[in-house]
Every structure is written in structure tokens, then in C-alpha cells.
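Atoms within each ligand, like the ligands themselves, are counted from 1 in listed order.
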Amino acid sequence: MLDLDGLGFAYELPHWLFRDVSRRVTEGEVLTVLGPNGRGKTTLLRCLVGLAHPTEGTVRAGGDIGFVPQQHHSTFAYRALDMVLMGRTRHLAPLASPGRRDRRLALAAMERVGIGHLADRDYPTLSGGERQLVLLARAIVGEGRVLVLDEPASALDLRNQGRVLHLLRGLADEGRAVVMTTHHPDHALEVADTAMLMFGGSDVRVGSASRLLTEDTVGDLYGVRAHSLVLDAGDVSRRVLVTRFDQEVHP
Ligand SMILES: Nc1ncnc2c1ncn2[C@@H]1O[C@H](COP(=O)(O)OP(=O)(O)OP(=O)(O)O)[C@@H](O)[C@H]1O
């Protein structure tokens with residue numbers, strides 16, 4: 001569904017942000033991209049959606065891509081619903097306006113992400129988290145087969161983080177391919193099939209999220225001490241990673 005072949009990017013050669021990245025993301029898969037600040041996660045996503053040109057390698061998508069950027073400000077006083085309706089643009093005939101069905105789909109997408117009550121609000125007046133949810137609704141209503149999201153939960157409170165993570169899991173289970181960045185290994189452990197860890201340059205590791213995200217690997221990636229704990233709460237048993245924020249590890 002999304003094929004990355006020998007992907008590499010350098011703003012200034014020979015300083016490769018990442019290199020030799022090859023991977024097929026299939027329908028039904030959630031892939032999370034992790035790495036320290038400035039390692040190239042956003043740049044990688046921009047290559048995937050065609051906003052940046054890879055220095056080498058190719059990206060091929062087997063369908064439309066919906067993109068949720070990290071931050072988005074608009075000075076135009078669009079209503080939130082109108083922002084979501086922009087996701088329908090590719091489904092409209094040239095110069096046509098969105099119709100009743102488009103509006104119904106947009107409202108349904110807003111309800112799905114829990115912001116139906118914000119439909120008539122002016123987008124620039126929304127909080128950072130509310131704007132993030134509007135952009136997610138815009139991507140959903142676009143019905144792209146591939147969803148690419150840059151830190152989709154970064155501005156969200158704890159409940160909304162869970163809602164969005166499981167919503168993305170559900171969208172993948174419906175047959176989409178989901179690629180998202182996160183700074184939280186636990187977000188990957190919660191819903192991802194695959195993790196991509198950007199250690200720098202050609203050292204990009206991809207594999208099963210649960211196998212890759214160990215104490216050692218996460219510790220090495222961020223220069224921290226991480227501890228695995230098993231959360232056993234009756235209906236759920238899963239591993240979480242706890243960070244010792246009082247201790248840094250210098251390689
Ligand atoms: N136009 C540009 N020209 C030169 N360097 C750039 C440009 N845009 C970004 N960079 C640099 O490229 C590096 C990667 O940036 P990118 O935004 O992809 O990182 P990131 O992993 O998403 O970071 P974060 O976790 O902080 O969001 C950073 O060091 C950034 O300063």
C-alpha cells in the first residue's frame with residue numbers, strides 16, 4: 001500500500017538525516033516512527049506525502065494519502081466544519097462545492113473523533129488539541145487508503161490520546177495503512193504493529209513494535225534509562241515502558 005525503497009534525505013550532503021530506508025506498509029498495519037528531536041521524523045513523513053523530495057530512493061503509494069501535520073495555524077476564520085470539508089476536495093468535481101452528503105460525512109467524522117460540538121466554531125479560536133482533532137477528522141473524511149500523521153496525539157489530554165490511538169487502530173483494522181510519529185513508546189506498544197526507530201543516518205531499525213521497543217533499545221535511542229513493567233489489570237495485560245526522568249545515559 002505504501003512502498004519505501006532505499007529512501008534517503010539530506011538537507012546538506014553528506015549529512016544524511018536518514019538513509020537506506022526500505023519498507024512496505026500494508027493495509028491493516030499501524031507503523032509508528034520514533035526518534036529523538038531533530039532526527040528526521042517529520043522530514044520522512046513529508047517525503048511520504050510528497051511535500052519533500054527524497055535525496056535518493058522512492059516512495060510509491062497504492063492509493064490516496066491523508067496527511068495530518070504536526071501543527072497547523074490558520075489566520076482565516078474558517079469554521080471547524082469547513083476545515084473538515086476541505087478533506088472532501090479530491091472527491092468533488094472541478095469547481096464544485098461540497099454537497100449535503102459531504103457535509104454529512106464531515107459531521108460524522110467530527111463525531112467520530114469526539115468534536116461534533118465544535119462544528120460551528122471558528123478554527124483559529126480552537127485550542128491546540130481541538131485543532132489536532134479537526135485535522136484528524138479532515139483526514140478521515142478524505143477516505144485516503146493511507147493515513148500519515150505527525151505526532152497526532154502530541155497536544156491531546158490522556159483520554160483523547162487513548163481515543164485517537166484506538167481510532168487509528170480501528171482505521172487500520174478497516175483496511176487503511178497508518179503511519180504516525182510519536183515520542184511515546186507506550187503509544188506504539190498500545191496500538192502499533194510495527195515500529196521504525198531512527199538512530200541516525202543509515203541506522204534505521206524496523207520491526208515488530210513489541211519486539212523492538214525494549215528497555216535497551218529505547219534507552220539507547222533516547223539516552224535514558226527505561227524500565228519495562230507489565231500492566232496486569234484483569235481485562236488487559238500488556239507491557240509498558242517507564243522512563244527514569246532523573247537519570248540520563250550518555251553513550
Ligand atoms: N529547511 C531546512 N533546512 C535545513 N535543515 C532543516 C530544514 N528543515 C528541518 N531541518 C533540520 O532537519 C532536522 C530534522 O528535522 P525534522 O523536523 O524532520 O525532525 P523531527 O525528528 O521531526 O524532530 P521533532 O521530534 O523535534 O519534531 C532538524 O535538525 C531540523 O532543524
Side-chain angles (χ1 to χ4, degrees), residues 2 4-23 25 30-59 61 65-74 127-129 131-136 139 146-157 160-161 164-165 168 177-192 194-207 209 212-213 217-226 241 243 245 248-251:
L2 187 67
L4 289 57
D5 188 10
L7 208 59
F9 190 95
Y11 282 106
E12 200 180 333
L13 287 167
H15 304 293
W16 292 94
L17 267 180
F18 54 84
R19 209 176 179 191
D20 303 325
V21 180
S22 294
R23 183 75 186 179
V25 191
V30 177
L31 180 145
T32 43
V33 182
L34 296 103
N37 290 129
R39 203 40 74 73
K41 300 177 297 296
T42 295
T43 307
L44 175 75
L45 295 198
R46 288 172 58 81
C47 288
L48 299 189
V49 302
L51 291 173
H53 295 289
T55 309
E56 63 181 21
T58 56
V59 177
I65 299 181
F67 180 45
V68 178
Q70 195 171 356
Q71 283 167 353
H72 183 265
H73 301 283
S74 171
S127 75
R131 278 202 300 268
Q132 210 163 30
L133 292 168
V134 168
L135 296 182
L136 178 59
V146 181
L147 288 179
V148 174
L149 310 101
D150 201 356
E151 296 185 36
S154 62
L156 301 182
D157 67 45
N160 276 333
Q161 286 177 31
V164 164
L165 289 172
L168 294 174
V178 174
V179 178
M180 59 177 269
T181 58
T182 178
H183 282 299
H184 299 286
D186 284 330
H187 287 184
L189 288 170
E190 176 84 17
V191 294
T194 321
M196 176 180 287
L197 308 188
M198 301 183 74
F199 279 86
S202 296
D203 193 356
V204 179
R205 304 178 200 173
V206 194
L212 210 49
L213 292 167
T217 320
V218 169
D220 289 349
L221 184 64
Y222 295 105
V224 296
R225 275 191 211 293
L241 279 162
T243 308
F245 289 115
E248 286 186 16
V249 178
H250 297 286

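Not a single heavy atom of G35 lies less than 4.0 angstrom from ligand 1. The closest approach between M198 and ligand 1 stays at or above 4.0 Å for every heavy atom of the residue.
Per-residue contacts place Q70 under 4.0 angstrom from the following atoms of ligand 1 (heavy atoms of the residue considered): 27 (O). The distance from ligand 1 to the heavy atoms of P36 drops below 4.0 Å at these ligand atoms: 21 (O). Residue-ligand proximity, L17 to ligand 1, at heavy-atom distances under 4.0 Å covers atoms 12 (O), 13 (C), 14 (C). Short contacts between ligand 1 and T42, defined as distances under 4.0 Å to a heavy atom of the residue, involve ligand atoms 17 (O), 18 (O), 20 (P), 22 (O). Close contacts between ligand 1 and H183 involve ligand atoms 25 (O) [criterion: under 4.0 Å to a heavy atom].
No donor-acceptor pair closer than 3.5 Å links the side chain of S202 to the backbone N or O of D20.
You'll find the side chain of L44 stays beyond 4.5 Å of the side chain of T181, heavy atoms only. In this structure, the side chains of L34 and R39 stay at 4.5 Å or more apart for every pair of heavy atoms. Counting heavy atoms from C-beta outward, V178 and V191 have side chains that stay 4.5 Å or more apart. Q132 is not listed as a side-chain neighbour of V164, based on a closest heavy-atom distance of 4.5 Å or more.
In terms of protein heavy atoms, atom 26 (O) of ligand 1 is closest to N37 ND2, 3.0 Å. In terms of protein heavy-atom proximity, atom 10 (N) of ligand 1 is nearest to Y11 CE1, 3.3 Å. The closest protein non-hydrogen atom to atom 18 (O) of ligand 1 is T43 OG1, 2.5 Å.
On a distance-only criterion, G38 and ligand 1 share at least one N/O pair closer than 3.5 Å.
With K41, E12, R46 as candidates, the residue nearest to atom 20 (P) of ligand 1 on a non-hydrogen basis is K41.
Between H184 and H187, the ring planes lie tilted relative to each other; the angle falls in the 30° to 60° range.
Residue T42 comes nearest to D150 through the heavy atom pair OG1-OD2, 2.7 Å, listed as atom of the first residue, atom of the second, then distance.
Side-chain atoms of T43 and Y11 include a donor-acceptor pair closer than 3.5 Å.
The 12-atom threshold is exceeded at NE2 of H15, counting heavy atoms of other residues, nucleotides or ligands nearer than 6.0 Å.
For atom 31 (O) of ligand 1, no protein heavy-atom neighbour is present inside the 4.0 Å cut-off. Atom 2 (C) of ligand 1 is approached by the protein to below 4.0 angstrom, counting heavy atoms only.
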